[in-house]
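Take a look at the structure below.
Each chain gets a letter, A, B and so on, in the order its sequence line appears, and its residues count up from 1. Just so it is clear, the model here is predicted, and its values are computed rather than measured. Both backbone and side-chain heavy atoms feed into the values below; hydrogens, waters and symmetry mates do not.
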Amino acid sequence: MSAHSSSRGPPASVSQAACRRVIAAARRRGPPSRHPAPAAPRRPLRDHGPALRSTMTAASPAGPRPRSGAEIREAFLRFYEARDHRRLPSASLVPEDPTVLLTIAGMLPFKPVFLGQAERPAPRATSSQKCIRTNDIENVGRTARHHTFFEMLGNFSFGDYFKEQAICWAWELSTEVFGLAPRNLVVSVFREDDEAEAIWRDVVGVNPKRIIRMDEADNFWASGPTGPCGPCSEIYYDFRPEDGDDGIDLEDDSRFIEFYNLVFMQYNRDAAGVLTPLASRCIDTGMGLERMAQILQGVPNNYETDLIYPLIETAAGLAGVAYPALDEKGKTSLKVIGDHSRAVTQLIGDGVTASNLGRGYILRRLLRRVVRHGRLLGIDRPFLMAMGEAAITLMAEVHPALEERRGAIVAELEREEARFLETLERGEKLLAEVLAARPAQISGAQAFELYDTYGFPLELTEEIAEEHGLSVDLAGFEAAMEQQRQRAKAAAVSIDLTLQEAIDQVAAASQATAFKGYEALEHPSCVLALVVNGAPAERAVAGDRVQLVLDSTPFYGEGGGQVGDRGVLSGEGAGGEGVIVLIEGVSRNRSVFVHAGRVERGQLLVGDLVTAQVDRTCRRRAQANHTATHLLQAALKQVVDPAIGQAGSLVDFDRLRFDFHCPRPVSADELEQIEALINGWIAEAHDLEVQEMEIERARAAGAVAMFGEKYADVVRVVDVPGVSMELCGGTHVANTAEIGLFKIISEGGVAAGIRRIEAVAGPAVLAWVAERDRVVRELADRFKVQPGEIVERVGALQDELKATGKALAAARSELAVAKAAALAAQAVQVGTTSGGEPLKILVKRLDGVEGASLQVVAQKLQEQVGIGTAVVIGGLPDPADLGKVVLVAAFGSAVVAAGQQAGKFIGDVAKACGGGGGGRPNLAQAGGRDGSALDGALKAAEEKLRGALG
RNA sequence: GGGGAAUUAGCUCAGCUGGUAGAGCGCUGCGAUCGCACCGCAGAGGUCAGGGGUUCGAGUCCCCUAUUCUCCA
């Protein structure tokens, strides 16, 4: 690894500096300009209604029109901030919603609000949300405006203002702040949305010919088959207003670009498809930052805006080319690199690591596309790090988290690029083998195998094939790919949704559970909801498997790696004869704790009061393991590498597991140090300090937050003073001395670049040690030595065994040679070849020699007697065992030339002994199970050879 | 979640339709040399990832497990 990085990559510091220079230069120059910038705004807008006028006059910005991406973003947010919108930071690209892989739209973070599942953060909000989309990835760089990474500016109303206000502000922002001339604008409305059309026409004063009605596919928004939905209205920029107002076709990309989409959420759609008006109507809008930048900067596409162009220049510099001088293909490659560099940097910045699954796979695919397009441009050494550095520098001002993670981002890029180069090398080798067979064409199956199994890009296969004057069967490739897709689809088994559905329903309808388990292990609670056998119920009786929701609970719900508590619920029960519910696990569904278990006795009704009691022993063990996990992370940082980051963790009752990013195994020596360090901290009896504080304060104090994890504004900080400080919602011991003892059980790899340590803490250590001790004592007993001498003793035994084995093999072959020497003289001449060579046969029985040696004997005999000799030897390897027969045949070249093949011959002989066999024409081996038939078989073989050679 | 592939000497890898486990580099010794590098000769080094099965016989075929690579969702 280190050899790679030093020989393949330029030193990081040099490339980083170089990139910064390139970017600075690009900023000074600005991107090349082809379209003239839009004309200065004319005096806008006819008369608005009186209701609107007040906000409008207060709003009119006096300053210069925004032009750079940063200015556009700031102008948008300020505009809405001035209109009482709360400015919210961009959410992570990794969404809260587990059903969605990535944040694909500006409204995604607000989806729970629109669906009524979460409180609104404010009546009005505005944000610039980073997004990733890869469904149109093939179009990136080919069209003017497809992106994988983009920023969506949005203003949102959660049951506050609605259609007319949203439309008027959108227009005002576009014309007054961004200075777009009304003659350059066209709007679309949903086919049936007369209201929106009337507002555009009568309130805003848009020319009716420039209001286009669109159908459901384009202008009706819904988040799913059911739920809130409503019509949209979009604003388009018209690059060629001189073409007139008649026959406007908004699909014409060369003339129009959509830059602002307003969604009017006003209906709820039920399962039957019926729309009912919503009581609380919402506004959800999106303006593509890159698109607005393209319009205001007067450049022909989004890639040449100041949001991306510096990266194109960086890549062009690395390739030694100039963007404006390139042909379309080259420009496309640079655009892809520019676009994807932003995406991968942001993804890694939000904690995604390259892998074969989920979003990690999306990241990997993007990374590899960057490398490939770099190669197309002639970049022949690693350059991803340089692109990452440039992208971080370009975006860090608005996304400061990138700067904080610079080291980790660049390291991930380096690792992943090196891995891909290995893949490419292997693929090229395999393809060379295919080409060496001089086929007429590379078949679809071959190309697909290279792609599917070895990850070798199709385009490269095509390219290399072309160099050899060959084509690739693309249709065959597509067919194979389609087959693969079908397989994956067919195998996608739907998990048991019904059970999950009932719980989801119950959880969605319940209030957040109040967790009391930090202070108390016993707590009076009220049963809010019950699910029996997967269906919501009012009542559960003895024997039922239940899932239940309480108003408050001392039970810890599984989360943050720690398992849920176990325990019992007890109460008077419905009949008054007492109810007991055994709780076996607690999970969380959003902020509702779901207790799963079994009713042991009595009846439980919704509304019952119960005493919830956590199993103290289990909890204590979990706490010991959890605090130990924190100590482990601290020790790893101290002993191995301060940059070690958590990649996952499990805290169970009887063990703990900690996964972390680390490029190499942790040595046995280091593991010992870690153990000693942790046990030292335990012995020092540190009191833990747990407090809630604002996240910024926690970070400033140096608390370790999990990379890529999302945290609320107020977080819980678990502090072992002087040793470890982490953000953590789990439960912990009050003093490290409670852990008692810590022991590492194993260290190993779980995935490339990720190591796993398994350990035990607290009482579980004793159980583990006792088991180990039992094994050691039993070994000592068997070997009749002291435990400390076992290793030495076993080593000596191994050496002895090996030596004995060798001596035995040597003795066997010596014996075989001796027996063979005695047999050589007994060869019988039965004929002569046409060349005058004597043909001799030697058919003998030789017991007590195992197969491999017998073969050596036969071959030696054949060589000794001559090329015209046919040797057949059969015997019992173990004279006492009639169930196993070995037969060998060694035919000299003259015998083979005479038409006899050892393999076929010996097979026939073996049949007589109840077996079979084969081999090469000159040497063959066979076996059988009937030792009593051996003599007869050998006799027959001799006759047959006599006949054949005589 | 579903496919495909790989795992053989310290390292990089051959080993075809089952039939005596190999090469290159590295290592050790000897030779050659004033000495070193190169070179020549000899040698050590393998439970063919682990477990089960088929077969007279499995590195090779089948199944399971582990690890790594890779594609699809």
Side-chain angles (χ1 to χ4, degrees), chain A residues 3 101 134-135 354-362 364-365 368 416 418-427 429-430 433 437 445-458 477-478 480-495 665 746 748-756 798 801-802 805-806 809 812-813 816 850-860 874-877 881 883-890 901-904 906-931 933-934 937:
Chain A
L101 223 47
T134 55
N135 38 354
S355 75
N356 307 328
L357 319 153
R359 51 183 83 94
Y361 183 58
I362 290 177
R364 174 166 285 172
R365 224 162 37 177
R368 297 191 166 187
E416 194 55 23
R419 203 171 295 160
F420 187 43
L421 290 177
E422 279 172 28
T423 301
L424 289 181
E425 251 170 61
R426 192 177 46 175
K429 206 173 144 192
L430 288 165
E433 277 173 31
Q446 282 168 329
F448 184 72
E449 191 194 356
L450 279 167
Y451 176 74
D452 180 58
T453 303
Y454 300 102
F456 196 69
L458 174 65
F477 178 90
E478 239 348 283
M481 178 71 98
E482 187 50 37
Q483 226 173 347
Q484 147 103 314
R485 262 195 278 266
Q486 290 305 326
R487 245 200 324 265
K489 205 179 278 181
V493 275
S494 53
I495 43 172
S746 72
V750 276
I754 298 179
R755 310 294 302 176
R756 166 174 295 174
Q798 280 177 322
L801 188 65
K802 210 170 197 175
K806 277 192 178 170
R812 271 188 183 147
S813 69
E850 49 85 35
S853 303
L854 207 63
Q855 218 169 88
V856 174
V857 169
Q859 193 167 19
K860 281 220 158 95
L876 306 175
D881 179 11
K884 188 168 167 77
V885 178
V886 176
L887 291 156
V888 295
Q901 299 222 333
K904 285 183 183 155
I906 203 74
D908 290 340
V909 178
K911 271 181 201 151
C913 302
R920 295 190 301 260
N922 64 322
L923 185 68
Q925 184 181 5
R929 292 167 187 263
D930 184 5
L934 179 59

Would you give the length of the straight line joining atom CZ of A:F456 to atom CG of A:L458, rounded to the nearest 0.5 angstrom? 10.0 Å
Distance col, row A:R368:CZ vs A:L424:CG, nearest 0.5 angstrom, shows 7.5 Å
What nitrogen or oxygen pairs link the protein and nucleotides 12-14 of chain B at under 3.5 Å?
none

Minimal non-hydrogen separation, [X] against [Y], with atom names:
X: A:A912; Y: A:A933; value: O-CB, 3.5 Å
X: A:G427; Y: A:L450; value: O-CD2, 4.0 Å
X: A:I906; Y: A:A924; value: CG2-CB, 3.7 Å
X: A:C913; Y: A:L887; value: SG-CD1, 4.4 Å
X: A:Q925; Y: A:V888; value: CG-CG1, 4.1 Å
X: A:P457; Y: A:F420; value: CG-CZ, 4.1 Å

[atom1] gap between [N] and [M], integer Å:
N: B:rG53; M: B:rG15; atom1: C1'; result: 24 Å
N: B:rC30; M: B:rA9; atom1: P; result: 28 Å
N: B:rC61; M: B:rU17; atom1: C1'; result: 11 Å
N: B:rU70; M: B:rG10; atom1: C1'; result: 28 Å
N: B:rA6; M: B:rC13; atom1: C1'; result: 12 Å
N: B:rC16; M: B:rC39; atom1: P; result: 31 Å
N: B:rC63; M: B:rU55; atom1: C1'; result: 16 Å
N: B:rG50; M: B:rA58; atom1: C1'; result: 16 Å

Taking only N and O in the side chain of [X], is any of them less than 4.0 Å away from OP1 or OP2 of [N]?
X: A:R368; N: B:rU70; value: yes
X: A:R485; N: B:rA73; value: yes
X: A:R426; N: B:rA5; value: no

Watson-Crick and G-U pairing of RNA chain B, under 3.5 Å, as dot-bracket with | and [ ]: (((((((..((((.....[..)))).(((((.......))))).....(((((..]....)))))))))))).
Rounded distance (Å) that lies between atom [atom2] of [N] and atom [atom1] of [X]:
X: A:R364; N: B:rU68; atom1: CZ; atom2: P; result: 12 Å
X: A:L450; N: B:rG4; atom1: CG; atom2: C1'; result: 12 Å
X: A:Q484; N: B:rA73; atom1: CD; atom2: P; result: 8 Å
X: A:R419; N: B:rC71; atom1: CZ; atom2: P; result: 12 Å
X: A:D908; N: B:rC56; atom1: CG; atom2: P; result: 16 Å
X: A:Q925; N: B:rG57; atom1: CD; atom2: P; result: 10 Å
X: A:R365; N: B:rA73; atom1: CZ; atom2: P; result: 7 Å
X: A:L876; N: B:rC56; atom1: CG; atom2: C1'; result: 13 Å

With respect to the side chain of [X], which nucleotide from [options] is positioned closest?
X: A:T453; options: B:rC56, B:rC71, B:rG4; value: B:rG4
X: A:Y454; options: B:rA5, B:rU70, B:rG2; value: B:rA5
X: A:K884; options: B:rA5, B:rC56, B:rG3; value: B:rC56

So A:R419 and A:E416, salt bridge (Lys or Arg N to Asp or Glu O under 4.0 Å) or not? Walk me through it. CA-CA 5 Å; A:R419 203 171 295 160; A:E416 194 55 23; 3.2 Å; yes
Does A:G914 or A:A924 map to a spot on RNA chain B nearer the 5' end, using the closest nucleotide for each? A:A924
Return the 5'-most residue of the pair A:E449, A:G455 with respect to RNA chain B, ranking by each residue's nearest nucleotide. A:E449
Taking any heavy-atom pair under 4.0 Å as a contact, classify A:L887: base, sugar-phosphate, or nothing. nothing
What's A:A926 touching, base or sugar-phosphate or nothing? Going by heavy atoms closer than 4.0 Å. base
A:E482, A:Q484, A:Q483 screened by side-chain contact (heavy atoms from CB on, under 4.5 Å) with A:Q486, the one that passes: A:E482
